[in-house]
Amino acid sequence: MSGLLAQQRLIGQVNSDQLDLFRLQTQVSTGRRVITPSDDAPAALRAMNLQRILERKAQAQNSLQNSVLYLGAAENSISQVTNTLNDIRAAALGVADSISTPEQRQAVIDQVNRAIESLVTIGNTKFRERYLFSGSQSQTAPYAHHGDSVEYLGNEGALRSFVDVDFLLSTNLPGSEVFGGLSEKVRGSVDLDPQVTRGTRLSDLNGGAGISSGGAVELVYVNSTGTATTSVVDLSRASTIGDVARYLQNGVPEGSNIRVEVTSSGLTLTTASGAEGVFVREVAEGRTARELGIYSTTAQSVLVGQDISPQISNTTRLDDLLGRKATAAIESVGSNNDLLIRATRNGADLNGVTVQFVSGVTAGSESAVYDDVAGTLTIAIEPGVTTAAHVAHAINNEATGTFYAEIDRRDATSPIHAGTDVVELGATAVLEGGAGETLDLSSGLAITNGGETTIVDVSSAQTVEQLLNILNKAELGLQAEINAQGNGINIRSRLSGADLTIGEVAGGTTATQLGVRTLTESTRLDQFNRGQGIIVDGVNDLTIELTTLDVTTTYNIDLSGAVRVEDAMSAIATQTAGAVTVELAADGNGLVLTDTTTADSLRVTGQVAKQLGFFGGDDTEVVGVGSLTADDRHTIETDSIFNSLIRLRTSLEQGDIPAIGKAIERIDEDLDRINFARSEIGARLQSLDTLSIRHDDEQVTLKASLSQEIDVDMAEAISQFMARQYSLQASLQTSANILRMSILDFL
Amino acid sequence: MSLFGSLQMAGNTLQAMQVGLHVVGNNIANANTPGYVREEVMYSPAPVQKKGSLVLGLGVEVDGIVQKIDKFVLERLRNATSDRKSAEIQEKAYTDLETLIGELSNTDLSTAFTGFFASVDDALNDNDNLATRNLVVLKGQALAQDINRLYQRASTLHGELDTRIGTIAREVNTLTEQIRQLNLKISNIEGGGLSGSDAGGLRTERNNAVAKLAALIDIRVNEQPSGTLTVSVGGELLVIDGIRREVESGGETSADLGAAEIRFVDVGNKLDARGGELAGLYAARDTIVGSFLGNLDALAGNLAFEFNKLYSQGQGLEGFESLTSHVGVHDADAPLDAAGLQFTPVNGSFNLLVHNRNTNVTETHVIDIDLNGLDDDLSLNDLASALNAIPSIKASIDPAGRLTIASAAADTDFAFADDTSGVLAALGLNTFFTGSKASDLGVNAELHGIHNAAKFAASLGGIGADAGNTERLAEFFTRRLESNNGASLADRYEQLVSGISQGATVARGVAEGFRVFEATLEGEANALSGVNIDEEAIRLIALQRTYQASARFIQTISQLMDVLVNI
């Protein structure tokens, strides 16, 4: 035992005691057991997690309080609406009889006017920079009062907040759900059936369901002797259906010569001869082949994929709607010289057009001629010199512009060589696959939304979005949008107090093709006259009189069995034995009654005739020659408190007692809607209240857990401190004793 | 045998005892000298004399003065010191990093993260308020600065470790020189092992130098029969007898982080230390701090790119009239996924929304980002041409390879949507964060200031339409990211911090283990080689008594001589 060893031991002991004392002192003074995470790494990690959750919960609580404020403000505003409407209702009921005087009615009219103004103000309530009722467009005042109509400028969206981790709650109700403001949709009754093009995005396929990401498919090629070879093609990088076709083409089994085409409806895989076959399987229970419409279990020489119907997007081209374009591929022997040809318009009429080459010009001045009688597209070339690129240029500059040609890149040996090799004089192709019709964009739409009819010119629109933009112009008071299924467009009115009619312009077919005519052959008769329908009582229905040289032929038409407009049309044609036919107006909208007997005059009377729109007001008949045109009585109107009040005002002004009664019924419906909105807000506020209490409880639990992880147990720390203190004292004392002892003292 | 012979023998004894007393004195004097090795005099009986049939002892003889030392324990102690030193350096690096991160406090990075995302949440609550939108930008800046600062401080730590490595060469050279010189002296003094004595002080001095060297690098030491030491490290000799090899610090300095290393001057090999301070420094610099910096960089890059990928698909309350990408490409003709962008875009597309302020009409244009790897992949020039094909939009590329998009009509502005390719985030168009690393992370300057707050891309449904993008951004921190194999940014951050905590816990345990082990060995060495005063005192008394007895013997012989002389 050397002196140094004794010293070292003692110093070590004292050091360790002091360090421990210091650590305990820090624990006691900070109240934390874990000062730095490495003191207890697992506990620190749990603590970090708890701290983050606590911080997020605190933020969620903030958001929650905020949501309560917004919803509370909305509730306050709505409660005022109920009072106003109840007052109006009571006042209107007081004058809803024939004994009320014009003065009394005028007083109610004044009250209605004031109510409209005050309700517009309530609808435009702003709370903390936010319009409460304009949907997600909270910077736009939702209601604009135009005198005889009120326009809803908000949308149907909602602003949401995270009131709890992963819990988004709407903090507002759009005005359209409280006050109303958007009409029922003029539902596109037509599937616009957009075409597949090479640039169609995978996410738009299958009606917008898209293609699962990261997919792959397995191509199986069966040669003429029945031997199968396979290849797996990774499609995870594909973004468009064109990419898919290219990846598939690049990945076909070796020696198979399968061609992969994008047609207007999907994908087609073609083997080199009828004796060979191809089919496509899934890889590892995937869904990609099915989603691409090419899943098959038996080998086919031509595998025509199913229609993978893309949804309409803003950028869908209008000429890709309603039909298919005929296509063809001209293949020449060798590489870098194949061409893809596509008609520039939809329709079956270009099917069968033969594309052919003739010799006769020098390279560089190739020309293409389309002969629609013979059904040929003839391109004059210099054999052995003219390249595919020359031909494409010639076709794209053809005088009628009926065709569009592009280089087939699949045939290229490398990207820069595409289209650089000569075409073969004998190569021909026949266009096929064309179908459907082309959208009539030149005619436009006749739209009446309260007041004057506007002819909406849509000829400048090339994409769906451009068409919608034209329809959404502020002056039309419409909201046009792509429907939820992504296969058509819907139009709705934003104007309360106005009737919306959409019809054709001068025999055009735009509205019909787009499926947005307000009155069509399938319109139900009971929806006429703003839901009052056609009342057939068998007494004073519809009488058509044809008079020629003072001889009158009278037809009493019985429409009792007619449900839809088409039924009424056939009933009239049948019951007049074809003397009178009814069609939809070719200009504007409404019914047109045509005399096919060329009588001198044509007279229509009866209540049903009035209800069908042949005359209005106090008239009892309408007389004409050849044909009579009715107004569109299947107009669309907006369900809103403003609409009800404006209708009430109009009927009060006209002293139309039944209409006043109708308007009061509408106010009842409005009150129902408002009460529903109130209860919706109430329910949300209540759930927020519950959530808030839960937040508080959770916070306590979380804090307790956090404390357990990192906080110090005071009693334990202090008793440890005392113990250490004694141990240090003992150390010091024994050290002193040991060091003091020496044999020298005894010598 | 004669009286003179006896006198001579007693004289020798006196001298031998004096030597012994001197050694005891020396031991007592060095009782508190660290590293001092206790010495002991080796006595042996002097050669005998034959007188007739008698064999007479001729007294005592001093064989030599030797050190009481256990070379094996010393060797183990040196190794333990190397290990301890290495572990302590690593422990300190972890502790320093932990202090920098400051997790579990209210100033840590996770608080900055939560603060930032809470501000996004506030912007969602109050979508219409420009001040709350501006707050997102300010909180984003704070987060970016926190990350910058953390990176900077960690890289300072990296720099300090690097500098320390640089200075170690000089220390190694000084110590090896000392050992070399002492080798020579010891060899001279000890006569190449022929004398029975150890060159005590010199050996202690050399032991101390070797111990110091062992603290720096894990050396292997062999004592040659001549008393010289051979010192080697990782199979390379440092000192042999009177020769030593010089080392120097060198090494490439990468972009902004030093990478100094110690090499032999003569052959240029790296000094391959597996223990000692140097190994600890290497590990601390490269593995601990270096990988922390790398992870922090990756975290920042992940935040920037993934957040921007979502953010760039949104629209503000107003559109852009002109916008220049933050990131330039090296080659405007190369496909965008090979044009030298920090983040790589993929095959996909984005929509450019062209908005007319007068009519509030928006037109959507799809811009295909063709990066399918098959043909004609899109380059920045192609992208500019595609944008130029849109009426009322002008796109150009500056010499630095940056894309500028501008509206060409007076009342038109533009915005972006539905980017499936990540090209906007990669180019830095309509992004929130700029930069790709922890050191250069920042918030897009176009968003700075309350007058630019309206540009915050909160909407998904068009300019100023809703708050759909904010909804996505608010939960971004815990959103599962494909690029992270499903881990969220929060997970990634936690992993970064827990990696350090776990490392620190382990390093502390290891260091503590080595400390205890070293202390034990040191105790063992001290027990043998240290001076015990009591022991020395006892020896002192014994020697003194022997001396006194010898003196009395001389006196007795002297009296006998007197008797003889007086006869």
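Protein chains get the first letters and strands the later ones, always in sequence-line order, with residue 1 at the start of each. FYI, side chains are in, hydrogens and waters are out, and symmetry mates aren't considered; it's all heavy atoms of this structure.
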Is [X] close to chain B through its backbone or its side chain, or both, or neither, when contacts mean heavy atoms under 4.5 Å?
{"X": "T36(A)", "value": "both"}
{"X": "T463(A)", "value": "neither"}
{"X": "E129(A)", "value": "both"}
{"X": "A238(A)", "value": "backbone"}

Does the side chain of [Y] come within less than 4.5 Å of [X]'s, by heavy atoms?
{"X": "H365(B)", "Y": "T315(A)", "value": "no"}
{"X": "M48(A)", "Y": "V497(B)", "value": "yes"}
{"X": "D466(B)", "Y": "Q137(A)", "value": "no"}
{"X": "Q7(A)", "Y": "N32(B)", "value": "yes"}
{"X": "E471(B)", "Y": "L168(A)", "value": "yes"}
{"X": "Q59(A)", "Y": "F117(B)", "value": "no"}
{"X": "T478(B)", "Y": "R52(A)", "value": "yes"}

What's the shortest heavy-atom distance between [X] and [Y], and which atoms?
{"X": "Y247(A)", "Y": "N347(B)", "result": "OH-ND2, 4.4 Å"}
{"X": "L124(B)", "Y": "R130(A)", "result": "O-NH2, 4.1 Å"}
{"X": "R237(A)", "Y": "G373(B)", "result": "NH2-N, 3.8 Å"}
{"X": "A467(B)", "Y": "L159(A)", "result": "CB-CD2, 3.9 Å"}
{"X": "N127(B)", "Y": "S138(A)", "result": "ND2-OG, 4.4 Å"}
{"X": "S239(A)", "Y": "S349(B)", "result": "OG-N, 4.3 Å"}

*N469(A) side chain to E363(B) side chain, donor-acceptor N/O pair below 3.5 angstrom*: no
_chain A contact via D126(B) - side chain, backbone, both or neither, heavy atoms under 4.5 Å_ = both
*Do you know which of Q139(A), K473(A), R56(A), R201(A) has the most heavy-atom pairs under 4.5 Å to chain B?*
R201(A)
*asked:* Closer than 4.0 angstrom, basic N to acidic O: yes or no for D39(A) and R508(B)?
replied: yes
